[in-house]
Novice: 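For reference, the structure I am asking about is given below.
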Amino acid sequence: MIDFQNVTKSFSGEDILRNVSFRVNDGERAGVVGPNGAGKSTLFGMITGKTLPDSGSIIIPKDHRLGIMHQHISQADIHRTLLDFTSDAIPELRTGTARLEEIESILAEGNCSADTQDALLREHGKLQTMIEHLGAYSLDLEAQQALSSLGFPVESFNKKLSEFSGGWQMRAALARVLISHPDILLLDEPSNYLDVPAVEWLCRFLANFPGTLLLISHDRFLLRKLTGVTLEVNAKTVTRYPGNYDFYRTERDNRQKMLEAAKKNTDRKKEQMERVIDRFRAKSTKAALAKSMQKKLDKIEDVDLPDSLEYKGVIRFPAPPPGGTEAFRFENLAFGYEPGKILFRNVDLSVDAGSKCAFIGYNGLGKTTLLKLLTGKLAPTEGQVVLGHHSVIGYQMQEFGDLDADGMSVYDAVRQALPAGASTANLMNVLGSFGFSGDASSKLCKVLSGGEKIRLQFARIFVNPPNLLVLDEPTTHLDVAARELLQNALREFQGTVCFVSHDIEFVRGVAETIIALENGNVKKYFGNYDYYLEKSGQSGTAPVQEDLRSASPAGGNFAKDRRRARAQARQAISGEYKKAREKLAALEKKLEEDSEKKKVLVAKLASGMKLDFAAVKKELSDVEKSLEQTELEWLAAADEVEALRLENARINEQ
């Protein structure tokens with residue numbers, strides 16, 4: 001259990017979180033979402049104790065072990081081998097093993113008293129039990145399996161971490177935390193450094209993680225597949241939604257509409273009261289009334305709206321220039337970065353104009369290399385790249401730093417991309433198409449956010465409109481809303497798109513053809529990502545990695561265990577669902593009864609017949625209050641029924 005109680009945290013005098021209260025129960029899987037800079041990582045920092053709240057309290061059971069992937073490898077670890085670093089996943093094992101060796105050394109010397117010897121033997125037994133319980137003797141194997149599944153070749157296990165790039169070091173850190181068997185697992189954008197097969201493996205692994213999971217991610221695939229609770233960090237607060245990402249988006253939109261209506265009503269009411277107060281204040285006979293009304297006005301709280309989920313940037317692709325029926329082809333292509341070490345050979349591939357192609361495969365197999373060969377950034381070792389008739393390439397690089405444009409303004413960086421001798425007359429229109437209108441065109445490139453840098457790259461591409469877009473990880477710095485906007489823009493683009501992305505939902509939403517790199521071969525699948533999964537699984541050509549949790553601990557049938565677990569979960573929720581529906585039906589009946597009572601009482605008052613007017617008015621007031629309270633209870637009950645229905649649907653999808 002993780003319990004935040006009235007937590008406030010400020011930086012430089014500005015509140016990041018204010019009076020935040022929420023709870024994550026044992027075993028729950030919570031997706032943590034929200035705009036960049038809203039405080040998601042701050043939340044994790046306070047859970048781990050690295051950041052302290054200014055006020056409030058955070059309650060975590062003392063016996064719960066935390067696992068978190070650190071974004072930097074320490075200098076003490078950088079010179080360790082990959083396997084040594086990864087398998088050293090549980091600190092208690094290190095200290096326990098050291099103490100065990102110390103005890104064994106003392107006992108071997110034989111210089112201690114009988115009482116001391118007995119105490120040491122008891123401690124030795126407890127330490128051995130603890131070490132076995134934490135899985136010390138299987139960690140090395142688990143580390144090897146996790147590293148292989150995340151794309152590390154076996155021959156790299158004995159290399160030092162310092163020999164790997166930052167992205168691969170983060171993969172090692174992820175493998176290390178995954179095998180540490182924590183009670184609470186905190187993952188901050190774990191898919192950022194992964195390719196598509198590794199994301200699929202991570203999803204399978206986490207689906208069987210038995211503890212509590214908190215996942216910060218912009219990856220809709222992971223959020224949809226793994227989470228049953230969503231925590232939105234936004235506008236200095238945290239709102240809990242009892243469902244996965246799709247449930248959250250629907251409920252969030254509904255809540256936004258309700259808050260906007262409430263804010264409109266509150267603002268209108270305050271404005272009306274302010275006008276009355278201003279009018280009465282000037283009249284001495286009504287000054288007391290104005291003062292009383294001012295007190296009521298001061299007590300009315302403003303309705304704060306969360307930041308909009310809508311992407312504020314703009315992505316509009318101009319129509320591509322006409323070209324031939326074939327976008328490009330590889331003929332007997334081979335390439336290697338070093339003599340005698342060929343990455344791939346005998347690649348024959350043709351892509352028709354207008355195709356939407358995703359290049360997928362483990363990192364290191366040559367996805368980015370193929371894109372660079374296509375764009376002419378690299379020359380093939382053998383064979384050739386043949387562009388189609390009038391094919392015009394627009395290339396978005398994986399790293400913005402490759403542009404060397406930090407000292408330039410946005411306007412200058414885009415002008416630099418113009419063909420020699422081209423007019424700048426249309427330059428501002430292009431900048432406006434990608435959200436850099438007016439003063440925004442004067443911003444320095446070095447202060448741009450990740451999303452703005454991606455838009456700048458597209459602006460540079462489209463000053464000379466292409467009909468063949470080549471994109472290398474275009475979603476890396478984008479939040480969910482920006483990814484969805486780019487996804488829609490690419491789907492509607494009439495030209496050819498070839499791209500690499502680790503975002504499975506993005507691949508699924510854009511690609512109509514999959515080009516898979518598999519063990520030195522390049523194979524084309526004439527269908528979308530789901531078609532590729534189906535066909536590659538049938539043919540046995542898809543990269544297969546052993547899932548650490550693919551079998552039940554006792555060697556039983558995993559599929560059977562999952563069906564049993566699913567049935568148990570359905571049974572557990574069915575009772576709650578039945579009670580919630582019965583409660584909703586009872587409240588609906590009470591609403592009907594109260595509405596009928598109100599109708600009768602109103603008719604009595606309007607009839608003109610002789611009656612106890614004060615008594616009837618009081619009865620009517622009581623009925624109206626009951627009706628208002630019942631309506632509130634009905635809304636809450638309806639929310640509970642819908643949440644349970646969606647949870648039941650999620651269980652059935654597992």
Novice: Spell out, as yes or no, whether a donor-acceptor pair under 3.5 Å connects the side chain of Asp348 to the backbone of Asn332.
Specialist: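 Yes: the side chain of Asp348 pairs with the backbone of Asn332.
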Novice: How close do Ala511 and Ala358 get, counting heavy atoms only, and between which atoms?
Specialist: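 Heavy atoms of Ala511 and Ala358 come nearest at CB-CB, 3.6 Å.
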Novice: So, taking the atom named CG in Leu370 and the one named CG in Leu517, what distance separates them when rounded to the nearest 0.5 Å?
Specialist: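 The CG atom of Leu370 sits 5.0 Å away from the CG atom of Leu517.
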Novice: When you measure from the side chain of Glu382 to the backbone N and O of Phe335, does any donor-acceptor pair fall under 3.5 Å?
Specialist: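 Not confirmed, Glu382 side chain does not pair with Phe335 backbone.
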Novice: Answer yes if the ring centres of Phe164 and Phe152 are under 6.0 angstrom apart, and no otherwise.
Specialist: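 Yes, the ring centres sit under 6.0 Å apart.
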Novice: Tell me which one of Val470, Asn464, Thr496 satisfies side-chain contact (heavy atoms from CB on, under 4.5 Å) with Ile393.
Specialist: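 Checked Val470, Asn464, Thr496 against Ile393; only one passes side-chain contact (heavy atoms from CB on, under 4.5 Å): Val470.
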Novice: Heavy atoms only: give me the nearest Gly366-Phe344 pair and the separation to one decimal.
Specialist: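 Residues Gly366 and Phe344, closest heavy atoms: O-CE2, 4.0 Å.
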Novice: Under 3.5 Å, is there a donor-acceptor pair between the side chain of Thr227 and the main chain of Leu223?
Specialist: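 Such a contact is found between Thr227 side chain and Leu223 backbone.
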Novice: Do Ser355 side-chain atoms and Cys357 backbone N/O form a donor-acceptor pair below 3.5 Å?
Specialist: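 No; judged by distance alone, with no hydrogens or angles, the pair does not exist.
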Novice: Rounded to the nearest 0.5 Å, how far apart are CG of Leu333 and CG of Leu349?
Specialist: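 Answer for the CG-CG pair, Leu333 versus Leu349, is 9.5 Å.
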Novice: Before giving the answer on side chain to side chain contact (heavy atoms under 4.5 Å, CB included), spell out for Thr8 and Leu17 the whole-Å C-alpha distance, their side-chain angles and the decisive distance to 0.1 Å.
Specialist: CA-CA 5 Å; Thr8 294; Leu17 301 169; over 6 Å; no
Novice: What do the steps show when you test Tyr525 against Thr513 for side chain to side chain contact (heavy atoms under 4.5 Å, CB included), and what is the final call?
Specialist: CA-CA 6 Å; Tyr525 291 84; Thr513 301; 6.0 Å; no
Novice: What is the minimum heavy-atom distance between Asp15 and Lys236, and which atoms define it?
Specialist: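 It is O-CE, 3.3 Å.
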Novice: For residues 47-56, which residue pairs pass the salt bridge (Lys or Arg N to Asp or Glu O under 4.0 Å) check, not counting sequence neighbours?
Specialist: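 Residue pairs passing salt bridge (Lys or Arg N to Asp or Glu O under 4.0 Å), neighbours aside: Lys9-Asp54.
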Novice: Working note: Arg224 + Glu505, criterion salt bridge (charged side-chain N to carboxylate O under 4.0 Å, His left out); need CA distance, chi angles, decisive distance, verdict.
Specialist: CA-CA 10 Å; Arg224 284 178 174 134; Glu505 287 300 318; 3.2 Å; yes
Novice: Has Lys524 got more than 12 heavy atoms of other residues, nucleotides or ligands less than 6.0 Å from its NZ?
Specialist: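 Yes, because the 6.0 Å sphere around NZ of Lys524 holds more than 12 heavy atoms from other groups.
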Novice: Should the heavy atoms of other residues, nucleotides or ligands under 6.0 Å from CG of Asp439 be counted, would the total exceed 12?
Specialist: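 Open: at most 12 neighbouring heavy atoms sit under 6.0 Å from CG of Asp439.
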Novice: Could you walk me through whether Ile515 and Lys523 pass the side chain to side chain contact (heavy atoms under 4.5 Å, CB included) test, one step at a time?
Specialist: CA-CA 6 Å; Ile515 297 171; Lys523 185 172 181 180; over 6 Å; no
Novice: Before you tell me yes or no, could you show the steps for His389 and Glu326 under side-chain hydrogen bond (donor to acceptor under 3.5 Å, both in side chains), namely the whole-Å CA-CA distance, both residues' side-chain angles and the distance that decides it to 0.1 Å?
Specialist: CA-CA 7 Å; His389 182 62; Glu326 184 182 58; over 6 Å; no
Novice: Check for a donor-acceptor pair, side chain of Asn244 on one end and backbone N or O of Phe247 on the other, with a separation under 3.5 Å.
Specialist: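 Confirmed, Asn244 side chain pairs with Phe247 backbone.
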Novice: Could you go through the side chain to side chain contact (heavy atoms under 4.5 Å, CB included) check for Ile504 and Val196 one step at a time?
Specialist: CA-CA 6 Å; Ile504 291 176; Val196 167; 4.0 Å; yes
Novice: Where the side chain of Thr48 meets the backbone of Phe44, is there a donor-acceptor pair that is under 3.5 Å apart?
Specialist: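 Flag set: sc Thr48 to bb Phe44 pair under 3.5 Å.
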Novice: Cation-pi check for Tyr245 against Arg220: NZ or CZ below 6.0 Å from the six-membered ring centre and within 45 degrees of the axis, yes or no?
Specialist: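 No; the conditions do not both hold, so Arg220 does not lie above the ring face of Tyr245.
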Novice: Checking Tyr241 now: which residues fulfil ring pair (Phe, Tyr, Trp, His ring centres under 6.0 Å) with it, not counting sequence neighbours?
Specialist: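 Per chain and number, Tyr241 pairs via ring pair (Phe, Tyr, Trp, His ring centres under 6.0 Å) with Tyr248.
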Novice: For residues Val510 and Gln487, report the shortest heavy-atom separation together with the two atoms involved.
Specialist: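 Looking at all heavy atoms of both residues, the shortest contact is CG2-CG, 3.7 Å.
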Novice: So, using ring pair (Phe, Tyr, Trp, His ring centres under 6.0 Å) as the criterion, who are the partners of Phe359 when residues are at least two apart?
Specialist: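 Scan of Phe359 (ring pair (Phe, Tyr, Trp, His ring centres under 6.0 Å), adjacent residues dropped) gives none.
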Novice: Evaluate the salt bridge (charged side-chain N to carboxylate O under 4.0 Å, His left out) criterion for residues Arg171 and Asp195: first the C-alpha distance (whole Å), next the side-chain angles of each, then the deciding distance (0.1 Å), finally the verdict.
Specialist: CA-CA 11 Å; Arg171 286 189 182 219; Asp195 45 49; 3.1 Å; yes
Novice: Would you check, one step at a time, whether the test side-chain hydrogen bond (donor to acceptor under 3.5 Å, both in side chains) holds for Asp188 with Ser41?
Specialist: CA-CA 7 Å; Asp188 190 348; Ser41 296; 3.0 Å; yes
Novice: Any pair with a residue in residues 487-496 that passes salt bridge (Lys or Arg N to Asp or Glu O under 4.0 Å), sequence neighbours left out, goes on the list, sorted by first then second residue, please.
Specialist: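 Listed once each, the pairs would be none.
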Novice: Taking only residues two or more places apart in sequence or in another chain, which ones pass ring pair (Phe, Tyr, Trp, His ring centres under 6.0 Å) with Tyr411?
Specialist: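 In terms of ring pair (Phe, Tyr, Trp, His ring centres under 6.0 Å), with neighbours along the sequence ignored, Tyr411 is linked to no residue.
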Novice: Would a distance-only check, ignoring hydrogens and angles, find a side-chain to backbone donor-acceptor pair under 3.5 Å from Ser409 to Asp412?
Specialist: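 At least one qualifying donor-acceptor pair exists.
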Novice: Do the ring planes of Tyr529 and Tyr532 sit parallel (below 30°), tilted (30 to 60°) or perpendicular (above 60°)?
Specialist: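 If you compare the ring of Tyr529 with that of Tyr532, the planes turn out tilted.
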Novice: Under 3.5 Å, side chain of Asp219 to main-chain N/O of Asp503, donor-acceptor pair present?
Specialist: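 A pair under 3.5 Å: no.
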Novice: Using the ring pair (Phe, Tyr, Trp, His ring centres under 6.0 Å) criterion, which residues pair with Phe11? Sequence neighbours excluded.
Specialist: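 Checked Phe11 against ring pair (Phe, Tyr, Trp, His ring centres under 6.0 Å); zero matches.
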Novice: How are the rings of Phe458 and Phe317 set relative to one another: parallel (under 30°), tilted (30 to 60°) or perpendicular (over 60°)?
Specialist: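 It falls in the tilted class, 30° to 60°.
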Novice: Pick out which of Val24, Val33, Ile216, Leu215 makes a side-chain contact (heavy atoms from CB on, under 4.5 Å) with Leu231.
Specialist: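 With Leu231 as partner, Val24, Val33, Ile216, Leu215 yield a single side-chain contact (heavy atoms from CB on, under 4.5 Å), made by Val24.
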Novice: Taking all atoms of both residues into account, what is the closest heavy-atom pair of Pro53 and Val7, and its distance?
Specialist: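 That closest heavy-atom pairing would be CB-CG1, 3.7 Å.
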Novice: For Gln384, does the CD atom sit with more than 12 other heavy atoms under 6.0 Å from it, leaving out its own atoms?
Specialist: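 Result for CD/Gln384: enclosed.
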Novice: With salt bridge (charged side-chain N to carboxylate O under 4.0 Å, His left out) as the criterion, how do Arg249 and Asp246 come out once you've worked through the C-alpha distance, each side chain's angles and the decisive distance to 0.1 Å?
Specialist: CA-CA 5 Å; Arg249 285 297 295 264; Asp246 290 329; over 6 Å; no
Novice: Given 3.5 Å as the limit, does a donor-acceptor pair link the side chain of Arg460 with the main chain of Ala413, or not?
Specialist: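 Yes; at least one donor-acceptor contact below 3.5 Å.
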Novice: Tell me if a side-chain donor or acceptor on Ser191 pairs with a main-chain N or O of Val199 at a distance below 3.5 Å.
Specialist: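 No, Ser191 side chain to Val199 backbone: no donor-acceptor pair under 3.5 Å.
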